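By convention in this document, chain letters (A, B, ...) are assigned in the order of the sequence lines, proteins followed by strands, and residues within each chain are numbered from 1. On a predicted model such as this, the values are computed, not experimentally measured, just so you know.
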Amino acid sequence: DAGVTQSPTHLIKTRGQQVTLRCSPKSGHDTVSWYQQALGQGPQFIFQYYEEEERQRGNFPDRFSGHQFPNYSSELNVNALLLGDSALYLCASSLFQGPDTQYFGPGTRLTVL
Amino acid sequence: AQKVTQAQTEISVVEKEDVTLDCVYETRDTTYYLFWYKQPPSGELVFLIRRNSFDEQNEISGRYSWNFQKSTSSFNFTITASQVVDSAVYFCALSEAGTASKLTFGTGTRLQVTL
């Protein structure tokens, strides 16, 4: 049973660029949530997708956007990158009809120079 | 608003010692869920336990045990006879009731177990 997968593992970008991160949920899950984890901090909720729609959103600017595909996989896009966007980006999957436990992927480490 | 506080930033113990990680939460909801996750150096968050607010029964799983006390809004995690492999950052998290709710995390406690 495949767990949550994310790609790429690491990414280096410069300020002002755009980035796309990808996530495939655990088999059988239909909901994907994205979190940002700055160094030494706990993960912060960015947004959540179910049925290809954004269902909940945390306190993040519009530069952060996402998408969910019919196969439940998801993308996180960040535009106009800032140095402060450097973080570990974690994807979690679960079942929408909850409550359900969120299972996390290994994360994508983004460095903005 | 929901909030999770993990006051212990870092704990160091010698192998075989028992260690307790503290978690205090705030929520206005009457139904909610509490979680513990482990984050080893690889970065992936590993799910350990989920607890419902209406079930205050303590739980034991091998060397791990959890003490949920609604009266003090605490959900503490004890590792008995710690091992080097327990070294990681541990996060306590809270979610409200309802469908696929977001998780609110504490800042984590780094546990270092040495020989």
Interface residues of residues 76-90 of chain A facing chain B - non-hydrogen atoms under 4.5 Å apart: A:Leu88, A:Leu90

Heavy atoms of other groups near A:Arg15 CZ, more than 12 under 6.0 Å: no

Positions in residues 61-70 of chain A that reach chain B, provided some heavy atom is under 4.5 Å away: none

Quiz item: cation-pi between B:Lys38 and B:Tyr90, 6.0 Å / 45°: no

Residues A:Asn71 and A:Ser73: side-chain donor-acceptor under 3.5 angstrom: yes

Pick from B:Leu45, B:Val89, B:Thr107, B:Val46 with the largest number of heavy-atom pairs that fall under 4.5 Å of chain A: B:Leu45

Atom group of A:Gln44 that falls short of 4.5 Å from chain B, counting heavy atoms: neither

Heavy-atom side-chain contact between B:Gln39 and B:Glu44 under 4.5 Å: no

Selection residues 1-28 of chain B - residue pairs positive for ring-ring contact (aromatic ring centres under 6.0 Å, His included), sequence neighbours left out: B:Tyr25-B:Tyr32

Path from B:Phe75 to B:Val24 over hydrophobic side-chain contacts below 4.5 Å: no

Contacting moiety of B:Gln6, where chain A heavy atoms sit under 4.5 Å: neither

Under-4.0 Å salt bridge between A:Arg22 and A:Glu75: yes

Option among B:Phe68, B:Phe77, B:Trp66 that satisfies the side chain to side chain contact (heavy atoms under 4.5 Å, CB included) test with B:Ile49: B:Trp66

Heavy-atom pair of closest approach, residues A:Thr20 and A:Pro8: O-CD, 4.4 Å

Main-chain N/O of B:Phe35 paired with B:Arg50 side-chain donor or acceptor, under 3.5 Å: no

Identified side-chain hydrogen bond (donor to acceptor under 3.5 Å, both in side chains) partner of B:Arg63 from the options B:Asp18, B:Thr80, B:Asp86: B:Asp86

For chain B, which residues of residues 105-113 of chain A have heavy atoms nearer than 4.5 angstrom: A:Gly105, A:Pro106

Contact origin within A:Tyr35 toward chain B - heavy atom pairs under 4.5 Å: side chain

Winner by heavy-atom pair count (cut-off under 4.5 Å) against chain B, out of A:Phe104, A:Phe47, A:Tyr50: A:Phe104

Least distance between heavy atoms, A:Val4 atom then A:Ser93 atom: CG2-OG, 3.4 Å

A:Trp34 CH2 to A:Leu21 CG distance, which is reported to the nearest 0.5 Å: 5.5 Å

Audit row: A:Tyr72, A:His29, side-chain contact (heavy atoms from CB on, under 4.5 Å) steps and yes/no: CA-CA 8 Å; A:Tyr72 307 118; A:His29 284 177; over 6 Å; no

Euclidean distance, A:Gln102 CD relative to B:Tyr37 OH, rounded to 0.5 Å: 5.5 Å

